[in-house]
2 protein chains.
Amino acid sequence: MFMGHHIHKIDARDRLSIPVRMREELYRGGREHPIITVGFEKCLFLYPMERWKNFSEEAESLKTSREDSRKIERFLFANASECPFDSQGRILVAKHLLDYAQLNKDVVIIGVRNRIELWDKSEWETQSMLIRKTVLDVSENIDGFSI
Amino acid sequence: MFMGHHIHKIDARDRLSIPVRMREELYRGGREHPIITVGFEKCLFLYPMERWKNFSEEAESLKTSREDSRKIERFLFANASECPFDSQGRILVAKHLLDYAQLNKDVVIIGVRNRIELWDKSEWETQSMLIRKTVLDVSENIDGFSI
DNA sequence: GTAAATTATGGGTAGATGTGGGTAAAAGTG
DNA sequence: CACTTTTACCCACATCTACCCATAATTTAC
C-alpha cells in the first residue's frame, strides 16, 4: 500500500528520485519495471507492473466500439511507458510527461493506495487545500465513512 | 480502547514519546506499525494499523474514474504515513504534520476510543473549554448516544 | 520510606538516502 | 561514416535517520 507524501527535486537532467519505501513497493510481486503514465488532473500516475497488468485486463472488457472507450484507451496507453530506476533509485521523466503535469523543480510524490502520483509542488498545494475543504463538508453528510 | 490524556514534550528533533499503555494498544492485533495522519480540527490522528486497514478497505470500493473518489483517496492516503517507534518508544513527527496541527513543545496526547489525538497544549485548552460549554447542547442533537 | 524498575527526555554517530555532476557507451542525425 | 545528442553508470557529498547510550523524573515493589 502506498501512503504519505514526499517533496523531491527533479534535476537538470529530468531525473527524480523516488523514496526507498515506495521503490520497494513498486517492485513487489515481480522484478518487472513499473509503468508511468499521465494521470487524471494535472499529475502523473506510477504503477507497479503487476497492478498495470490487472488494469489492462480490466480494460479488455471496454468496448472498442464505443468512442469513449477508445479515447480512454488511447489516453492511458499512448502515454504510458516502462520506468526503470538508475543505480541511485531515480527515474527519468520523459519530456511529454513533464509538460503534461507541468512539473518544475519541486515535485510532490504522493502515495494513493495502489498507485503513486507525481504533482508539481504548487499545483499540489492548491489541490490539497481544495480537497481538504471538500472532504470536510462531504464527510459530515456521508454515513459509513469515518476517519 | 484508548482513554485519558497525557502531556509530553516534542524534542528538538521532532520526536514525541507516547505513553506505554497507548503504545501497547497501538500494536494490538499485529506487529505492523501504527498510522499517523491529519485529523479534523487542528490535531493529528494516530491509529493502530488494524483500524487503518478497515478504512482503506472502505476506500477500496471507490472508483478512481470518479473525481470525488480521487479526492477522497488523495486526502486519506497522501496525509497518512507509517509511524514506527524508536527504541525509546518515541515517534518522529513529520514537518508537515507539525505545521498542520501547529504543535509546539508541549503536546497533549488524548485517547479517544479507537484513536489517539495529538494537540498543541494551548490549542487543546481552548478546545476543551469550548467542548465543556457546548457538550450539553450537542448531546441533544446526537442520536444513538446515551450515557 | 527507600531501593529498584520503568518511563520520559536529550544527544552522539554510523549508515542510509537524496541530490549533483563527470564520463564513456549507445543511439540518433545528416 | 563522422558528428551531435542522449542515456547509463559511476563517484562525491550533504543531509537525514535509525540506533545506541546517558541521565532525569516518575512509578512500582518491598
Side-chain angles (χ1 to χ4, degrees), chain A residues 2-28 31-36 44 46 81-99 103-111 116-121 124, chain B residues 2-27 31-36 44 46 80-99 103-111 116-121 124:
Chain A
F2 296 105
M3 283 186 295
H5 76 253
H6 303 252
I7 299 173
H8 283 186
K9 290 184 200 309
I10 291 196
D11 67 19
R13 294 147 124 185
D14 302 339
R15 296 176 300 187
L16 174 69
S17 87
I18 303 292
V20 195
R21 219 36 103 53
M22 291 182 170
R23 227 181 289 161
E24 290 164 0
E25 186 77 9
L26 279 171
Y27 278 98
R28 266 207 354 194
R31 209 149 305 161
E32 285 178 290
H33 298 306
I35 296 292
I36 190 170
L44 304 177
L46 195 51
S81 65
E82 230 180 90
C83 183
F85 283 83
D86 72 9
S87 52
Q88 263 63 280
R90 291 173 290 200
I91 62 173
L92 188 64
V93 186
K95 278 280 188 303
H96 74 277
L97 293 176
L98 290 177
D99 289 346
L103 301 184
N104 292 308
K105 199 165 174 66
D106 289 315
V107 174
V108 182
I109 305 172
I110 72 177
I116 290 170
E117 295 186 355
L118 309 181
W119 290 78
D120 183 66
K121 188 173 173 239
W124 170 249
Chain B
F2 297 104
M3 285 185 293
H5 73 271
H6 304 252
I7 299 173
H8 283 186
K9 291 186 201 308
I10 291 196
D11 69 18
R13 291 149 97 173
D14 302 340
R15 296 176 298 188
L16 174 69
S17 85
I18 303 292
V20 195
R21 246 348 135 56
M22 292 182 168
R23 226 182 290 163
E24 289 164 0
E25 186 76 9
L26 279 171
Y27 278 98
R31 207 149 307 158
E32 284 179 290
H33 299 305
I35 297 291
I36 189 170
L44 304 177
L46 198 51
S81 65
E82 228 180 271
C83 184
F85 284 83
D86 71 8
S87 52
Q88 262 68 311
R90 291 172 292 196
I91 62 173
L92 187 65
V93 186
K95 278 278 187 305
H96 73 275
L97 293 176
L98 290 176
D99 289 346
L103 300 184
N104 292 307
K105 199 165 173 65
D106 289 315
V107 174
V108 182
I109 305 171
I110 70 177
I116 291 169
E117 295 187 357
L118 309 181
W119 290 79
D120 183 67
K121 188 171 171 242
W124 170 249

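A note on names: the letters A, B, ... follow the listed sequences, proteins ahead of strands, and every chain is numbered from 1.
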Exercise for review: Rounded to the nearest angstrom, tell me the gap between atom CE in Met22(A) and atom C1' in dG18(C).
Suggested key: 14 Å
Review point. Expressed in angstrom and rounded to an integer, what is the separation of Ile7(B) atom CD1 from dT9(C) atom P?
Key: 11 Å
Point to revise | Nearest heavy-atom neighbours spanning Pro84(A) and Tyr27(A) | key: CA-OH, 4.3 Å
Review point. So does Ser17(B) get a side-chain nitrogen or oxygen closer than 4.0 Å to the phosphate oxygens (OP1/OP2) of dT9(C)?
Key: yes
Study note, to complete from the structure: With Leu44(B) as partner, the option from Leu118(B), Ile109(B), Ile116(B), Leu16(B) fulfilling side chain to side chain contact (heavy atoms under 4.5 Å, CB included) is Leu118(B)
Exercise for review: Sequence neighbours left out, what passes side-chain hydrogen bond (donor to acceptor under 3.5 Å, both in side chains) with Glu32(B)? Give chain and number order.
Suggested key: Lys53(B)
Practice item. Just call it for Lys105(A): base, sugar-phosphate, or nothing, with non-hydrogen atoms closer than 4.0 Å on any strand. Key: sugar-phosphate
Practice item. Run through Val107(A), Asn104(A), Asp14(A) and flag the one making a side chain to side chain contact (heavy atoms under 4.5 Å, CB included) with Leu98(A). Key: Asp14(A)
Review point. Among all residues two or more places apart in sequence or in another chain, which pass the side chain to side chain contact (heavy atoms under 4.5 Å, CB included) test with Asp11(B)?
Key: Arg13(B), Arg15(B), Arg90(B)
Study note, to complete from the structure: Considering only heavy side-chain atoms of Gln88(A), the closest of dT9(C), dT17(C), dC10(D) is dC10(D)
Practice item. Considering just the side-chain nitrogens and oxygens of Arg90(A), establish if one lies under 4.0 Å of OP1 or OP2 belonging to dG21(C). Key: no
Point to revise | Close side-chain approach of Phe85(A) and Leu26(A), heavy atoms under 4.5 Å | key: yes
Practice item. Could you tell me the separation between the CD1 atom of Ile91(A) and the C1' atom of dT7(D), rounded to a whole number of Å? Key: 15 Å
Could you list all N or O pairs between the protein and nucleotides 24-27 of chain C that sit under 3.5 Å apart?
none

Exercise for review: Please list, chain by chain and in numerical order, all residues satisfying side chain to side chain contact (heavy atoms under 4.5 Å, CB included) with Lys9(B), sequence neighbours excluded.
Suggested key: Lys105(B), Asp106(B)
**Study point:** Lys9(A), nearest nucleotide to its side chain (from dA8(C), dG18(C), dG20(C))
**Key:** dG20(C)
Revision key, fill the gap. Atom CG of Asp11(B) and atom P of dT23(D) are separated, to the nearest Å, by 18 Å
Check your understanding: So, do Met3(A) and Ile35(B) sit near enough that their side-chain heavy atoms are less than 4.5 Å apart?
Key -> yes
Point to revise | For atom NE2 of His8(B) and atom C1' of dA24(D), their distance in whole Å | key: 14 Å
Short heteroatom pairs, N/O only, protein and nucleotides 15-18 of chain D, under 3.5 Å:
residue	atom	partner	partner atom	Å
dA18(D)	N6	Arg13(B)	NH2	3.1

**Study point:** Rounded distance in Å - CD1 (Ile18(B)) to C1' (dT6(C))
**Key:** 17 Å
Check your understanding: In whole angstrom, what separates Phe85(B)'s CZ from dC19(D)'s C1'?
Key -> 16 Å
Practice item. Identify, with sequence neighbours excluded, every residue that meets side chain to side chain contact (heavy atoms under 4.5 Å, CB included) alongside Glu25(A). Key: Phe2(A), Arg28(A)
